[in-house]
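Note on naming: letters A, B, ... go to the chains in the order of the sequence lines (proteins, then strands), and numbering restarts at 1 for each one. Here the structure is a predicted model, which is why all the values come from computation and not from measurement.
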There are 2 protein chains.
Amino acid sequence: MSKARIVATVVEILDAEGETALTFRSLAARLATGAGAIYWHVANKEELLTAATDDVVAGVMAGVTLDAGPRDVIRAIALGTFDAIDAHPWVGAQLARSPWQYAMLQIFEGLGGQLHRLGVPEDAQFAAGSALLNYVLGVAGQNAANARRVPPDTDRAAFLDDVADAWTRQDPAKYPFLHRIAGEMRDHDDREQFLAGIDLILAGIGTLGSPEPSPDGPAER
Amino acid sequence: MSKARIVATVVEILDAEGETALTFRSLAARLATGAGAIYWHVANKEELLTAATDDVVAGVMAGVTLDAGPRDVIRAIALGTFDAIDAHPWVGAQLARSPWQYAMLQIFEGLGGQLHRLGVPEDAQFAAGSALLNYVLGVAGQNAANARRVPPDTDRAAFLDDVADAWTRQDPAKYPFLHRIAGEMRDHDDREQFLAGIDLILAGIGTLGSPEPSPDGPAER
DNA sequence: ACCTGAACACCGTTCAAGT
DNA sequence: ACCTGAACACCGTTCAAGT
């Protein structure tokens, strides 16, 4: 048995039955072995989750083409991550809770690596990259949490209505904003909304740049 | 015994010994009772964490003065949340994993409630508010994760050096961004960096607004 | 109405013993 | 070198029995 096969089985279990279904006993049963055998290849459960997340994120990053405008590359990486978390909610949970693991560095470099092409001054790149990363991780965590909380067969529209209904049940004098946006909540598209947030941060980053485009990457749009 | 006393004790344990130390057995021992007694007041552990988080966030929101410019109010709420998570890392973890709980609605309303004062069109407020919220939640999750991973007595400068060293150990051709920002990583201030992200999103939001300030809140700055 | 505490059904992890 | 599987030290949660 190889670590690669163990990790592949971990991904299978997580995808098919969710995070609660992954135990050393279930994993060992699936691999037709004992729990101790797994511990020979891996230090603990955390390493299992980390390796599985690295696998998925590596797949995402491999699918991103870097020869586009910097904003489009950032959008592609962000959306790729979003879609991966949508398909594998446990990836979102893992990204949100394990800082500076390999998968996160990949995303951070991918997003931040475009900033000099946008003309962002070097001393603002750390802040700008962190803003993008933290936004992505925030959404990742929320999506994962929602997937955990809501039964898999729940109707999406009904779920959104429930949330919006809870908002409009609040006192309008104390929660005017929630009342104002409840309608939009009911029929928003998660993916579109996510991208709007990325574009908002990109717009903010645009105000940081020097007026002239950087030599190796003309600003598009 | 009241639920309020139980929750107060939960906060004590979480603050003093961290998330792993909170069990029904430790809590019952501290309250000089049996585990079953707690279940009479509370449905499960999740409710314990939620109630404790609500308590802390309510304290934060009560401390924010709303009679300032909209950007300053947003900064105050974001920083208040940041500081609360810094003082109680478990709050960050809980916020990151439990969507639409009371505490999160408070923060969402607090942040989003300022958007019309900034002249953000109604149909862009949901996206703008979500961007702010998700950024805050992303940072919350990362800080909580760091606090969990790093021993409490670790020297901060040494920790940052370790992370930055790991970055510079990567291949510079594949990770140019990480190399570029490693220096900034070593001596950045978390709080300042967090606020820079908020200001970046605010700058992006500024590009959405109508040119003239809204009637009930002149744009400052 | 509220508390007690043993019992149940699990966990992750370890480790002597095998091959 | 790698696997086995029982055992250890926990968990959250339930529930009959108490007051």
To check you understand the geometry: which heavy-atom pair defines the closest contact between [X] and [Y], and what is its length?
X        : Y        : result
B:Ala96  : B:Leu137 : CB-O, 4.4 Å
A:Asp165 : A:Arg186 : OD1-NH1, 2.9 Å
A:Gly113 : B:Arg180 : O-NH2, 4.1 Å
A:Met61  : A:Gly110 : CE-CA, 4.2 Å

To the nearest angstrom, how far is [X] atom [atom1] from [N] atom [atom2]?
X       : N      : atom1 : atom2 : answer
A:Glu19 : C:dC11 : CD    : P     : 14 Å
B:Trp40 : D:dT19 : CH2   : C1'   : 14 Å
B:Leu48 : D:dG12 : CG    : C1'   : 11 Å
B:Leu22 : D:dG12 : CG    : C1'   : 11 Å
A:Arg25 : C:dT13 : CZ    : C1'   : 9 Å
B:Ile6  : C:dC2  : CD1   : P     : 11 Å
A:Ile13 : C:dC11 : CD1   : P     : 12 Å
B:Glu47 : D:dT13 : CD    : P     : 11 Å

Inset, instruction - Step through it carefully: locate the ring centre of A:Tyr135, locate the ring centre of B:Tyr135, and say whether they are under 6.0 Å apart. - result: no
Legend entry - Which nucleotides of DNA chain D pair, in dot-bracket form (Watson-Crick or G-U under 3.5 Å, | meaning another strand): ||.|||||...|||||.||
Inset, instruction - Between A:Ile38 and B:Gly36, just flag the one whose closest nucleotide in DNA chain D comes earlier from the 5' side. - result: A:Ile38
Legend entry - 5'-most by nearest nucleotide on DNA chain D - A:Ala32 or B:Asn44: A:Ala32
Among [options], the nucleotide that comes nearest once only the side chain of [X] is considered:
X       : options               : value
B:Met1  : D:dT14, C:dC8, C:dC3  : C:dC3
B:Lys45 : D:dT13, C:dT13, D:dC2 : D:dT13
B:Ala35 : D:dT13, C:dT13, C:dA1 : D:dT13
B:Phe24 : D:dG12, D:dC2, C:dC2  : D:dG12
A:Tyr39 : C:dT13, D:dG12, D:dC2 : C:dT13

Inset, instruction - Using the C1' atoms only, state how far C:dC2 lies from D:dA17, rounded to an integer number of Å. - result: 13 Å
Legend entry - B:Leu22 and B:Lys45, any side-chain heavy atoms less than 4.5 Å apart: yes
Inset, instruction - Would you give the length of the straight line joining atom NE2 of A:His88 to atom CD of A:Glu19, rounded to the nearest 0.5 angstrom? - result: 13.0 Å
